[in-house]
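See below for the structure under consideration.
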Amino acid sequence: MYDPTVARLTYRALLGRRRALILGALPLLLIVIAVAVRGLAGADDQTASDLLGGLALATMVPIIGVIAGTGAIGPEIDDGSVVYLLSKPVKRPTIIFTKLIVAIAVTMVFSALPTFIAGFILNGNGQQIAVAYTVAALVASIAYAAIFLLLGTVSRHAVVFGLVYALVWEALFGSLVEGARTLSVQQWSLAVAQKVAGGDMVTSDVALPTATVLLTVVTVLATWYAGQKLRSLTLAGEE
């Protein structure tokens, strides 16, 4: 289910100079803001939780997920080079699964690691806040990578739709509108973070069992459907 050649090509595409600069911009901004906040306000648990929840988890993680998830396959479909990949004796589900693993890895590195660093800067991991939000970022990275990989497979405007989802649904509705929170990857990952933190600094509107099921179902279904769409794309090209 994992092809090293496909993985190498995908890493090369995602970590090219231009895309790497884009991927690194938000994490760098988060760390700079964390340093500034710590210098001005000192160590404060509530401030750390608010910043990591509002900027890191609600904004940075989904945007990086968009870049990594759509970038893992979208450009190949847009420029037609996917035909070369599909002509190789590699199963279509293997291609999707390999690209998903790469997208997850890139999203985790550029989101979870900066989240932990920022959290440690803000309050030295007081009340396990840095670790809790890092775990949330890791969990969210998996679901976001699958969702946006699917989006990159089905739409030529995947980046635009992905950014709308990340900035409008997750960052705005997922944080402010009560009914929308149940269908938010952010809230599902916060349920895991709440369990890790164990206090009242990190909260979620979704119970942990429900969040776990939804994260699993969304990831599996998105990956499966992306494989189906890639298979139909192959058939269309052959016709």
Side-chain angles (χ1 to χ4, degrees), residues 3 6-7 9-16 18-23 25-26 58-88 90-108 110-111 140-174 177 180 183-186 188-189 214-239:
D3 187 276
V6 174
L9 293 173
T10 306
Y11 275 119
R12 185 180 301 173
L14 284 179
L15 300 178
R18 180 179 178 183
R19 188 169 277 113
L21 289 175
I22 297 174
L23 283 169
L26 275 176
T59 304
M60 182 186 72
V61 181
I63 289 179
I64 291 176
V66 169
I67 298 171
T70 61
I73 195 169
E76 293 175 284
I77 294 178
D78 291 342
D79 62 20
S81 61
V82 71
V83 175
Y84 171 80
L85 178 61
L86 297 178
S87 67
K88 300 300 180 181
V90 182
K91 294 181 179 179
R92 306 307 176 250
T94 298
I95 294 174
I96 289 297
F97 183 76
T98 301
K99 287 182 173 293
L100 175 63
I101 294 301
V102 173
I104 289 173
V106 170
T107 306
M108 285 181 171
F110 283 92
S111 61
S141 295
I142 299 173
Y144 283 133
I147 291 170
F148 296 128
L149 179 65
L150 170 62
L151 197 57
T153 306
V154 302
S155 173
R156 290 182 177 273
H157 306 287
V159 174
V160 175
F161 292 142
L163 289 175
V164 170
Y165 173 86
L167 297 176
V168 177
W169 184 265
E170 291 286 4
L172 184 60
F173 288 101
V177 181
L183 300 177
S184 167
V185 174
Q186 174 193 348
W188 302 342
S189 58
L214 289 173
L215 283 166
T216 303
V217 169
V218 166
T219 301
V220 171
L221 285 181
T223 305
W224 172 80
Y225 192 59
Q228 295 299 111
K229 293 300 294 183
L230 193 62
R231 181 177 288 113
S232 66
L233 177 67
T234 306
L235 293 176
E238 291 173 351
E239 292 174 357

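What you see is a predicted model, and the numbers here were worked out from it, not measured in a lab. Residue numbers start at 1 and run along the sequence shown.
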Any idea which heavy atoms bring [X] and [Y] closest together, and the distance?
{"X": "G162", "Y": "L151", "answer": "N-CD2, 3.5 Å"}
{"X": "Y165", "Y": "I147", "answer": "OH-CD1, 4.5 Å"}
{"X": "W169", "Y": "S184", "answer": "NE1-CA, 4.3 Å"}
{"X": "V66", "Y": "V159", "answer": "CG1-O, 4.0 Å"}
{"X": "A103", "Y": "A72", "answer": "CB-CB, 4.3 Å"}

*Report the relative orientation of the aromatic rings in F148 and Y144; use parallel for angles under 30°, tilted for 30 to 60°, perpendicular for over 60°.*
parallel

Side-chain ([X]) to main-chain ([Y]) donor-acceptor, under 3.5 angstrom:
{"X": "W188", "Y": "A143", "value": "no"}
{"X": "S155", "Y": "G152", "value": "no"}
{"X": "T219", "Y": "L215", "value": "yes"}
{"X": "R92", "Y": "V90", "value": "yes"}

*Please determine, by modelled atom types, if K229 and T153 share a side-chain donor-acceptor pair under 3.5 angstrom.*
no

Distance (rounded to the nearest 0.5 Å) between [X] [atom1] and [Y] [atom2]:
{"X": "L230", "Y": "L150", "atom1": "CG", "atom2": "CG", "value": "11.5 Å"}
{"X": "R19", "Y": "R12", "atom1": "CZ", "atom2": "CZ", "value": "14.0 Å"}
{"X": "S189", "Y": "L214", "atom1": "OG", "atom2": "CG", "value": "12.0 Å"}

pair [X]-[Y]: side-chain heavy atoms closer than 4.5 Å:
{"X": "L163", "Y": "V168", "value": "no"}
{"X": "S141", "Y": "V61", "value": "yes"}
{"X": "L149", "Y": "I96", "value": "yes"}

_Quick check on side-chain contact (heavy atoms from CB on, under 4.5 Å): which of I63, L15, L14 does F110 satisfy it with?_
L15

_Quick check on side-chain contact (heavy atoms from CB on, under 4.5 Å): which of I95, T98, T10, L9 does D3 satisfy it with?_
T98

